[in-house]
Amino acid sequence: MQALLDALKPGQEDDTLARAIDPQRLPGHIAIIMDGNGRWAKRRGQLRVAGHKAGMRSVRTVIETCAQLGLNALTLYAFSIENWKRPRTEVEMLWRLLRTYMRLELPELMRQNIRLHAIGRLEALPPQVNGDLKEAMAHTSGNTGLQVNLAINYGGRAEIVDAVKALVEESRKRHIEIDETMISAHLYTAGIPDPDLLIRTSGEMRVSNFLLWQIAYAELYVTETLWPDFTRGDLLRAILDYQKRDRRFGGLGANGRPPVDERFSETLGIPAR
Ligand code: FPP
């Protein structure tokens with residue numbers, strides 16, 4: 001958190017936002033559905049790929065800010081299994097951008113002590129993309145700061161299918177008790193705590209097959225802002241909004257509110273159970 005405050009100029013809007021954040025209640029893990037690149041480009045009369053290119057700037061800003069805040073994990077939805085339905089030229093441009101990103105950003109990721117991890121059906125990616133990802137992961141594997149998960153050729157249902165297949169395979173060799181912990185341990189995100197906050201840009205109210213298992217208790221934040229326009233200030237605003245939420249995880253919460261049936265009984269005039 002201090003690293004972020006040190007990077008900001010006093011009086012700047014982002015500085016005011018950052019100072020309003022409670023460092024004790026930061027989300028440990030933020031997941032983002034980066035949406036709206038195509039619309040951003042279209043509004044400017046440009047090709048969709050120009051939107052993806054501009055979206056890389058937001059990727060950089062968000063990664064840097066999460067690292068400065070001292071968060072544990074950031075998961076970015078970069079390419080879904082369904083995205084193969086897009087025109088071949090757009091898909092190829094996305095691979096090119098991803099490879100460029102890794103080549104240009106690696107020194108910066110090292111400087112910021114960031115560990116890069118790709119999640120998804122990576123074996124189905126073009127070999128060079130897969131190779132570059134593996135190299136970047138190996139290169140940053142010793143870093144101990146923020147873990148950035150890039151979801152690439154990712155689908156939440158496919159992830160659950162892959163976990164079930166691995167469990168069935170394992171159960172052939174030894175007896176295993178199948179419970180929630182066991183399933184979590186076989187997802188691509190094994191060992192990474194679930195996201196606390198899921199952000200989606202461009203106003204769409206969908207989760208689009210993203211981290212279906214892991215977002216069970218995530219707080220959702222949807223902004224109309226298109227991904228290429230998403231700034232550090234937007235991220236800080238999302239975190240401030242998250243800090244206003246009352247997270248009860250199906251229980252009664254920590255803010256002293258009476259249990260739901262007691263509140264109902266007050267209004268309905270019936271005795272509480
Ligand atoms: C969704 O916008 C965005 C994507 C499918 C790709 C995201 C890619 C980037 C942000 C750039 C590269 C990423 C990394 C990690 C280096 P959309 O195309 O669906 O927009 P639309 O809904 O307006 O058409």
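We count ligands from 1, going down the list as the structure has it; atoms in each ligand are counted the same way.
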_Show me the pairs that pass side-chain hydrogen bond (donor to acceptor under 3.5 Å, both in side chains) and involve residues 163-172, at least two apart or across chains._
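Listed once each, the pairs are Glu169-Arg172, Glu170-Arg174, Glu170-His186.
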*Is ligand 1 under 4.0 Å from a heavy atom in the side chain of Phe79, in the backbone, in both, or in neither?*
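Within the 4.0 Å criterion, Phe79 makes no contact with ligand 1.
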*Under 4.0 Å from ligand 1, counting heavy atoms only, is it the side chain of Asn37, its backbone, both or neither?*
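Both backbone and side chain.
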For ligand 1, which atoms sit closer than 4.0 Å to a heavy atom of [X]?
X      : result
Arg39  : 21 (P), 22 (O), 23 (O)
Arg86  : 5 (C), 17 (P), 18 (O), 19 (O)
Met34  : 1 (C), 2 (O), 3 (C), 10 (C)
Trp227 : 10 (C)

*So Phe210 and Tyr77, would you call those rings parallel, tilted or perpendicular, with 30° and 60° as cut-offs?*
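If you compare the ring of Phe210 with that of Tyr77, the planes turn out parallel.
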_Would you call the rings of Phe79 and Trp84 parallel, tilted or perpendicular, taking 30° and 60° as the class edges?_
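Phe79 and Trp84: perpendicular rings.
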Any idea which protein heavy atom is nearest [atom], and the distance to it?
atom                    : value
atom 12 (C) of ligand 1 : Met56 CG, 3.7 Å
atom 5 (C) of ligand 1  : Asn83 OD1, 3.6 Å
atom 4 (C) of ligand 1  : His52 CE1, 3.9 Å
atom 6 (C) of ligand 1  : Ala78 O, 3.3 Å
atom 13 (C) of ligand 1 : Val59 CG2, 4.2 Å

*Give a yes or no answer on whether the side chain of Trp227 reaches the backbone of Gly55 with a donor-acceptor pair at less than 3.5 Å.*
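Present.
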*Given Arg99, Arg48, Met93, which has its nearest heavy atom closest to atom 18 (O) of ligand 1?*
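Closest candidate by heavy-atom distance is Arg48.
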Carboxylate-amine/guanidinium contact [X] [Y], below 4.0 Å:
X      : Y      : answer
Arg111 : Glu105 : no
Arg247 : Asp196 : yes
Glu204 : Arg200 : no

*Before signing off on this row, confirm whether Tyr77 and ligand 1 have an N or O atom pair separated by under 3.5 Å.*
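There is no such contact.
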*Do any heavy atoms of Leu150 fall under 4.0 Å from ligand 1?*
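Distance cut 4.0 Å: Leu150 passes for ligand 1.
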*Just jot down the ring-ring contact (aromatic ring centres under 6.0 Å, His included) partners of Tyr242, sequence neighbours excluded, or say none.*
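Partners of Tyr242 under the ring-ring contact (aromatic ring centres under 6.0 Å, His included) test: none.
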*Does CD belonging to Gln128 count more than 12 external heavy atoms closer than 6.0 Å?*
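Buried by this count: over 12 neighbours within 6.0 Å.
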